[in-house]
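For reference, the structure discussed in these notes is given below.
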Amino acid sequence: MTVFAPKSDFLRVLTERGYIHQCSDFAGVDELARTGSLVAYIGFDCTAASLHVGSLIQIMLLRWLQKTGAGKPVPLMGGGTTRVGDPSGKDESRKILSIADIEANKQSIKGVFSNFLSFGEGKSEAVMPDNAEWLTALNYIDFLRDVGRHFSVNRMLSMDSVKMRLERDQELSFIEFNYMCLQAYDFVELNKRYGCVLQMGGSDQWGNIVTGIDLGRRMGTGQLYALTSPLLTTASGAKMGKTAAGAVWLNADMLSAWDYWQYWRNTEDADVGRFLKLFTELPLDEIRRLEALQGAEINDAKKILANEATAMAHGRAAADQAMETARKTFEEGGVSTDLPTIEIPRAEFNAGVGVLTAFVRAGLVASTGEARRQVKSGGLRVNDASVSDERATLGERDLRDGAAKLSLGKKRHVLVRPV
RNA sequence: GGGGGAGUGUCCCGAGCGGCAAAGGGGGCGGACUGUAAAUCCGCUGGCUAUGCCUUCGCAGGUUCGAGUCCUGCCUCCCCCA
């Protein structure tokens with residue numbers, strides 16, 4: 001990357017913290033950011049009911065834009081484009097979601113942003129449009145005449161997202177092939193509506209974004225800009241945001257603050273510094289101190305990472321509570337009443353609930369068969385005592401403060417409480 | 001339209017002479033070692049009221065004591081020819 005000394009706080013922060021993969025024109029973006037007149041958007045798919053950690057870096061871009069006073073963040077809901085499906089970076093066609101599902105997903109996703117951005121009509125306050133607002137109103141013939149004529153199929157065929165599919169003989173439907181045209185058109189439309197001149201996104205979006213810049217020039221928007229963030233993987237090569245239990249969702253109703261905190265707490269040593277820079281707002285000199293910690297001491301840095309990241313997504317109170325629960329559970333080996341809890345009717349409990357069944361009910365294992373296998377390898381514990389008899393039952397003697405602690409492995413704990 | 005090939009354990013890839021709950025990977029989970037890390041090593045990786053029973057190899061039939069494996073039809077995908 002070329003050496004560029006940004007004058008704006010926005011680009012300086014992004015550069016220092018490692019958010020930038022490519023930018024079409026550093027100086028141009030820098031100047032707009034410096035004068036506080038940078039309107040920038042990032043599109044978000046509505047393919048699931050929540051965004052996950054993989055989108056967090058994008059959300060942070062918008063947050064820094066607002067926080068540094070560089071301009072107006074525009075998180076764009078892809079209510080329209082999600083009906084089409086983006087082929088970028090995907091091997092296979094995406095299944096097409098129903099319009100009702102997309103709408104429900106959109107509503108659910110909207111909530112996340114209020115934790116990260118402040119919305120309003122002010123110059124640096126965020127707005128959240130949905131591209132369904134203009135895309136669904138398009139008339140096919142008009143669109144072809146006004147917009148379609150600016151696209152070269154020759155060039156579209158040479159784009160990585162398309163080329164990859166063609167080379168591997170993988171189906172690329174016409175509807176997906178059109179995705180980039182719609183995304184490009186979004187950029188132009190947002191320019192008209194909000195004076196938006198910068199589109200940001202993951203590095204896999206570079207082609208789509210540049211296509212939008214190009215369309216803008218042909219349709220008279222004036223100069224537009226692109227800025228992409230690196231595609232994040234963990235130090236050992238795994239994609240960000242996926243765990244055994246599934247994606248690391250940002251919505252509290254899909255992943256509890258406790259589990260979210262644990263996700264960050266379990267960061268690999270080699271990632272701590274990088275993640276502190278990207279996913280917290282701690283000052284850089286503080287981060288340098290934390291990432292320099294050696295051996296077991298780096299656990300302190302991970303706790304701070306978990307705390308800061310959780311506070312941003314779920315609030316400071318939820319983060320503090322997760323930390324306290326973790327302290328009691330892991331450092332004192334005790335029972336925190338704030339652990340995830342399931343309830344079992346008193347009568348059923350008194351009649352005797354099999355341990356295997358209890359672990360299934362707690363959601364720690366998928367079936368009694370799996371529970372049985374875990375018993376064999378010593379993975380199940382009740383109140384920290386290893387389960388050796390698969391026919392044992394839970395009873396009054398297992399209750400501590402009215403609940404029994406079931407554990408799978410060393411990290412996953414659930415309380416069972418008779419009511 | 002004609003010819004050829006493929007679809008396997010509901011995460012993925014992939015072997016499979018008529019005796020198959022089905023080889024081997026990857027991923028994942030558990031255990032050991034540690035620091036709730038990484039790396040490494042070991043075990044497990046259809047379901048159940050469980051020495052048994054039930055459901056699995058694209059779908060539906062058929063042959064057979066017995067079918068992932070053989071036969072027929074259908075669906076989907078790929079390649080070659082038109």
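Distances from the side chain of A:F330 to the nucleotides B:A37, B:U49, B:U36 place B:U36 closest. For A:R372, whose side chain is taken as the heavy atoms from C-beta onward, the closest listed nucleotide among B:U49, B:U36, B:G35 is B:U49. Considering only side-chain atoms of A:N266, the nucleotide from B:U49, B:G35, B:U36 that sits closest is B:U36.
Sorted by first and then second residue, the pairs that involve residues 136-159 of chain A and meet salt bridge (Lys or Arg N to Asp or Glu O under 4.0 Å), not counting sequence neighbours, are A:R155-A:D214.
Across the C1' atoms, B:C75 and B:G25 are found 30 Å apart, a figure rounded to whole Å. Look at the C1' atom in both B:C77 and B:C59: the space between them is 15 Å, to the nearest Å. Taking atom C1' in both B:C70 and B:C65, the straight-line distance is 16 Å, to the nearest Å. B:U56 and B:G1 have their P atoms separated by 34 Å, with the value rounded to a whole Å. Rounded to the nearest Å, the gap between the P atom of B:C17 and that of B:A21 is 16 Å. When the C1' atom is compared between B:U45 and B:C13, the two are found 16 Å apart, to the nearest whole Å. Going from the P atom of B:C79 to that of B:C71 covers 26 Å, rounded to whole Å. When the P atom is used for both B:G16 and B:G62, the distance is 29 Å, rounded to whole Å.
Less than 4.0 Å separates RNA chain B from at least one heavy atom of each of the following residues of residues 298-307 of chain A: A:I298, A:N299, A:K302.
In this view, A:R17 satisfies the side-chain hydrogen bond (donor to acceptor under 3.5 Å, both in side chains) rule with no residue, not counting sequence neighbours. Not counting sequence neighbours, the partners of A:R327 by the side-chain hydrogen bond (donor to acceptor under 3.5 Å, both in side chains) test are A:E324, A:E332. Listed by chain and residue number, A:W264, A:F279 satisfy the ring pair (Phe, Tyr, Trp, His ring centres under 6.0 Å) test with A:F275 (two or more places apart in sequence, or in another chain).
Remark: C1' of B:A38 and CG of A:D271 are 10 Å apart, rounded to the nearest angstrom. Atoms CG (A:L356) and P (B:G47) sit 13 Å apart, rounded to a whole Å. Note: CG (A:L293) to P (B:A38) measures 18 Å, nearest angstrom. If you measure from atom CG of A:L364 to atom P of B:G28, you get 19 Å, rounded to the nearest angstrom. Rounded to whole Å, the distance from CG on A:L339 to P on B:U36 is 16 Å. B:C48 atom P lies 12 Å from atom CD of A:E390, rounded to whole Å.
A distance of 9.0 Å separates CD of A:Q294 from CG of A:D269, quoted to the nearest 0.5 Å. For the atom pair CG of A:L14 and CG of A:L227, the computed distance is 6.0 Å after rounding to the nearest 0.5 Å.
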Full working for side chain to side chain donor-acceptor pair (under 3.5 Å) between A:Q199 and A:Q205: CA-CA 10 Å; A:Q199 181 179 174; A:Q205 291 296 309; over 6 Å; no
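Across all strands shown, A:W264 has no heavy atoms under 4.0 Å from either base or sugar-phosphate atoms. Among the atoms of the strands shown, base atoms are found under 4.0 Å from some heavy atom of A:R265. Using a 4.0 Å heavy-atom criterion, one finds that A:E297 contacts no nucleic acid atom at all. Heavy atoms of A:T329 sit nowhere under 4.0 angstrom from any nucleic acid atom.
Across every strand in view, B:G1 sits in a pair with B:C81 that passes the Watson-Crick or G-U test at under 3.5 angstrom. Across all strands shown, B:U76 is found opposite B:A6 as a Watson-Crick or G-U wobble partner, with both distances under 3.5 Å. Pair check for B:U69 finds none; no Watson-Crick or G-U wobble contact set falls under 3.5 Å. Both distances falling under 3.5 Å, in either a Watson-Crick or a G-U wobble arrangement, occur for no nucleotide opposite B:A15. Taking a pair to require two hydrogen-bonding distances under 3.5 Å in either a Watson-Crick or a G-U wobble arrangement, B:A22 remains unpaired.
The pair A:E370-A:R373 fails the salt-bridge criterion, with no side-chain N (NZ, NE, NH1 or NH2) lying under 4.0 Å from an Asp/Glu carboxylate O.
Mapping A:G295 and A:T357 onto RNA chain B by nearest heavy atom places A:G295 at the nucleotide closer to the 5' end.
Phosphate contact (OP1/OP2 of B:G46, side-chain N/O of A:R373, threshold under 4.0 Å): absent.
Residue-to-nucleotide contacts include no donor-acceptor pair under 3.5 Å from the side chain of A:E331 to the base of B:U36.
For the pair A:K302 (side chain) and A:T267 (backbone), a donor-acceptor distance under 3.5 Å is present. When atom types are taken as modelled, the side chain of A:Q66 and the backbone of A:S118 share a donor-acceptor pair closer than 3.5 angstrom.
Ring centroid separation for the pair A:H150 and A:Y185 does not come in under the 6.0 Å cut-off.
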Tabulate atom names and distances for all N/O pairs under 3.5 angstrom spanning the protein and nucleotides 30-33 of chain B.
from	atom 1	to	atom 2	distance (Å)
B:G30	O4'	A:Q374	OE1	3.1
B:G30	O2'	A:S377	O	3.2
B:G30	O2'	A:S377	OG	3.2
B:G31	O4'	A:S377	O	3.4
B:A32	OP2	A:K410	NZ	3.0

